[in-house]
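Sequential numbering from 1 along the given sequence is applied to the chain's residues.
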Amino acid sequence: MHSKLTRRHALALTAALATGSTFAQPAAWPDKPIRLIVPYAAGGGTDVFARIVAEGLGKRLGQSVIVDNRPGGNGQIGITAVQRAPADGYTVLFSLTSIIQNPLLYPNPGFDPFKDFVPVSEAGRLPIVFTVSNKLGVDTLDGFVKLARAAPGKYSYGSYGNGSSAHLYAEVLQDAAGIKLLHVPYKGEAPAITDLLGGTVDAVFVSAKGVGPHVAAGKAKSVAVVGTARAPLANSVPTFKEQGFAGMESVGWFGVYLPAGTPQPIAQRLSSEIAQVVQSPEQAARIDGLGVIPVGSTPAQLTATMRADHERWKQVIQAKNIRLD
């Protein structure tokens, strides 16, 4: 009996291998819904961008891509949720530049951005504008710098949180311009903009999308933009570099990642599909409307961006001794 069963099993295995059945081949990815974890609250700019990408991916992949918001801890909660997820391609992270900044800011970040994730794509870039209050009576970066130089520590700026890119940009600006400003951190950019309009803070580093309507209405003045090129929603605003202030060229970005150990064919397929989504005319127009520059990079290109900006922000964070609990 035993030998008959053995021969029968052997014949079945041979048939399966010959026909290429699912017994021998794993199911094609994806064959079920994908969860896209966003480490920030629903309704914010990152969430809206992620939902545009999720919608486009769902159509291209033939599977639902469900956005799962996991806010908290400057992105830590959502990031670690993906870190601990199965490496099967069904849990994806949609994160900001904070994925490389947090390990430099926290004593025990709980993850390594270069070891615990498979980079997939830089979905887009987010230029940040420096906007000043009308109460100052200046409408240029040079005018603001002259005020600040004359009264060190008198003028304040709002950021969207301690250790955020906005905070780090301000540290670089203070060194480049030889000024000293008072930092007022907020939980997000919306309250920072509100206080700028109310005159509570003198300036803010925020997205062009967030502050744009107020600038257009004449309620504040954007005087400089981060990066090597002008921002799509603030094309009349010169870059810091154009105005002679170096060190403000690194632009924030949105990166897509998979847990470490995810097969490379899945990462490559997902990367290719994201590029098709964000570069399509319909979706690119929606993304432009958010003040985001669509990219859709390869995994290797995202890795290179991560490493370059990690070294850049490491220098700033260590020099300024910026730490978060």
With the 4.5 Å side-chain cut-off for hydrophobic clustering, are Val120 and Ile293 part of the same group?
no
Looking only at atom types and distance, does a side-chain atom of Ser271 sit under 3.5 Å from a main-chain N or O of Ala267, one as donor and one as acceptor?
no
With ring pair (Phe, Tyr, Trp, His ring centres under 6.0 Å) as the criterion, how do Phe130 and Phe144 come out once you've worked through the C-alpha distance, each side chain's angles and the decisive distance to 0.1 Å?
CA-CA 11 Å; Phe130 185 57; Phe144 177 83; 5.2 Å; yes
I'd like to know if the side chain of Gln279 and the backbone of Val295 have a donor-acceptor N/O pair within less than 3.5 Å.
yes
Could you go through the salt bridge (Lys or Arg N to Asp or Glu O under 4.0 Å) check for Glu311 and Arg307 one step at a time?
CA-CA 6 Å; Glu311 287 305 309; Arg307 293 199 177 280; over 6 Å; no
Using every non-hydrogen atom in the two residues, find where Gly291 and Pro127 come nearest and quote the distance to one decimal.
O-CD, 3.5 Å
Look only at the side chain of Ser156 and the backbone of His183, and say whether a donor-acceptor pair between them is shorter than 3.5 Å.
no
Verdict with supporting geometry, Val201 and Tyr186, side-chain contact (heavy atoms from CB on, under 4.5 Å)
CA-CA 11 Å; Val201 292; Tyr186 292 86; 3.3 Å; yes
Calculate, to the nearest 0.5 Å, the distance between atoms CZ and OH belonging to Arg35 and Tyr90 respectively.
13.5 Å
Heavy-atom distance under 4.5 Å between the side chains of Pro238 and Arg230, does that happen here?
yes
Does the side chain of Lys314 reach to within under 4.5 Å of the side chain of Ile100, using non-hydrogen atoms?
no
Locate the shortest heavy-atom distance separating Gln101 from Ser165; write the atom from each residue and the value.
NE2-OG, 3.1 Å
Phe94 and Phe49: aromatic ring centres closer than 6.0 Å?
yes
Sequence neighbours left out, what pairs pass ring-ring contact (aromatic ring centres under 6.0 Å, His included) with at least one residue falling in residues 267-287?
none
Can a donor-acceptor pair be found, under 3.5 Å and without considering hydrogens, that links the side chain of Ser272 to the backbone of Gln268?
no
By side chain to side chain donor-acceptor pair (under 3.5 Å), which residues pair with Arg51, not counting sequence neighbours?
Asp47, Asn69
Donor-acceptor contact below 3.5 Å, side chain Arg70 vs main chain Gly78:
no
Going only through I, L, V, M, F, W and Y residues with side-chain contacts under 4.5 Å, is there a path from Val211 to Tyr157?
no
Can you list the steps and then say if Leu57 with Leu270 is a side-chain contact (heavy atoms from CB on, under 4.5 Å)?
CA-CA 9 Å; Leu57 280 176; Leu270 184 58; 4.0 Å; yes
Lys/Arg N to Asp/Glu carboxylate O, Arg312 vs Glu249, below 4.0 Å:
no
Shortest non-hydrogen contact from Ser207 to Glu189?
OG-OE2, 2.8 Å
Shortest non-hydrogen pair, Ala234 vs Ala208, comes out as CB-CB, 4.3 Å
Short side-chain to backbone donor-acceptor contact, Ser133 and Leu136, under 3.5 Å
no
Out of the candidates Leu93, Val65, Asp68, only one should pair with Leu36 under the side chain to side chain contact (heavy atoms under 4.5 Å, CB included) rule; please name it.
Val65
Please report, to 0.1 Å, the donor-acceptor pairs under 3.5 Å made by any side chain of residues 104-112, with sequence neighbours excluded.
unit_1, atom_1, unit_2, atom_2, d
Asp112, OD1, Phe114, N, 2.8
Asp112, OD1, Lys115, N, 3.3

Asp142 side chain to Gln243 side chain, donor-acceptor N/O pair below 3.5 angstrom:
no
Check whether any side-chain heavy atom of Phe254 lies under 4.5 Å from a side-chain heavy atom of Val278, and answer yes or no.
no
Take Ile179 and Tyr155 through the side-chain contact (heavy atoms from CB on, under 4.5 Å) test and state the conclusion after the steps.
CA-CA 10 Å; Ile179 59 178; Tyr155 296 97; over 6 Å; no
Are side-chain heavy atoms of Met248 and Val226 found at a separation under 4.5 Å?
yes
So does Glu273 pair up with Arg269, basic N to acidic O under 4.0 Å?
yes
Output yes when Glu282 and Arg286 qualify as a salt bridge under the 4.0 Å nitrogen-oxygen rule, no when they do not.
no
Look at the side-chain heavy atoms of Ile, Leu, Val, Met, Phe, Trp and Tyr, link any pair under 4.5 Å apart, and say whether Val145 and Val204 land in one connected group.
no
First locate atom NZ of Lys209, then atom CG of Asp288, and finally report the distance between them rounded to the nearest 0.5 Å.
11.0 Å
Rounded to the nearest 0.5 Å, what separates atom CD1 in Ile34 from atom OG in Ser64?
9.5 Å
Would Leu290 and Leu233 show up in the same hydrophobic cluster when neighbours are defined by side-chain heavy atoms closer than 4.5 Å?
no
Would you sort out whether Phe240 and Leu173 count as a side-chain contact (heavy atoms from CB on, under 4.5 Å), showing the intermediate values?
CA-CA 9 Å; Phe240 281 96; Leu173 173 62; 3.9 Å; yes
What are the two closest non-hydrogen atoms of Leu302 and Pro119, and how far apart are they?
CD2-CB, 3.8 Å
Evaluate the ring planes of Tyr169 and Trp313, with Trp represented by its six-membered ring, and classify them as parallel (under 30°), tilted (30 to 60°) or perpendicular (over 60°).
perpendicular
Rounded to the nearest 0.5 angstrom, the OG-CD1 distance for Ser297 and Ile274 is 9.0 Å
Closer than 3.5 angstrom, by distance alone: can the side chain of Thr97 be matched with the main-chain N or O of Trp253 as a donor-acceptor pair?
yes
From CZ (Phe205) to CG (Leu168), nearest 0.5 Å:
10.5 Å
Flag the pair Asp116 / Tyr257 as yes when at least one side-chain heavy-atom distance between them is below 4.5 Å, and no otherwise.
no
Test item: Glu242 side-chain N/O and Thr239 main-chain N/O as donor-acceptor pair under 3.5 Å:
yes
Rounded to the nearest 0.5 Å, what separation is found between the CD1 atom of Ile66 and the OG1 atom of Thr91?
10.5 Å
Between Leu258 and Val92, is there a side-chain heavy-atom distance shorter than 4.5 Å?
yes
Would you say the side-chain atoms of Asn134 pair up with the backbone N or O of Gly218, donor to acceptor, closer than 3.5 Å?
yes
Other residues, nucleotides, ligands: >12 heavy atoms within 6.0 Å of Lys135 NZ:
yes
On a heavy-atom basis, which atom in Ile287 and which in Pro294 lie closest, and how many Å separate them?
CG2-CG, 3.7 Å
Check ion pair Asp175-Lys320 (N to O, under 4.0 angstrom)
yes
Path from Val184 to Val172 over hydrophobic side-chain contacts below 4.5 Å:
no
Arg84 atom CZ, neighbour heavy-atom count above 12 within 6.0 Å:
no
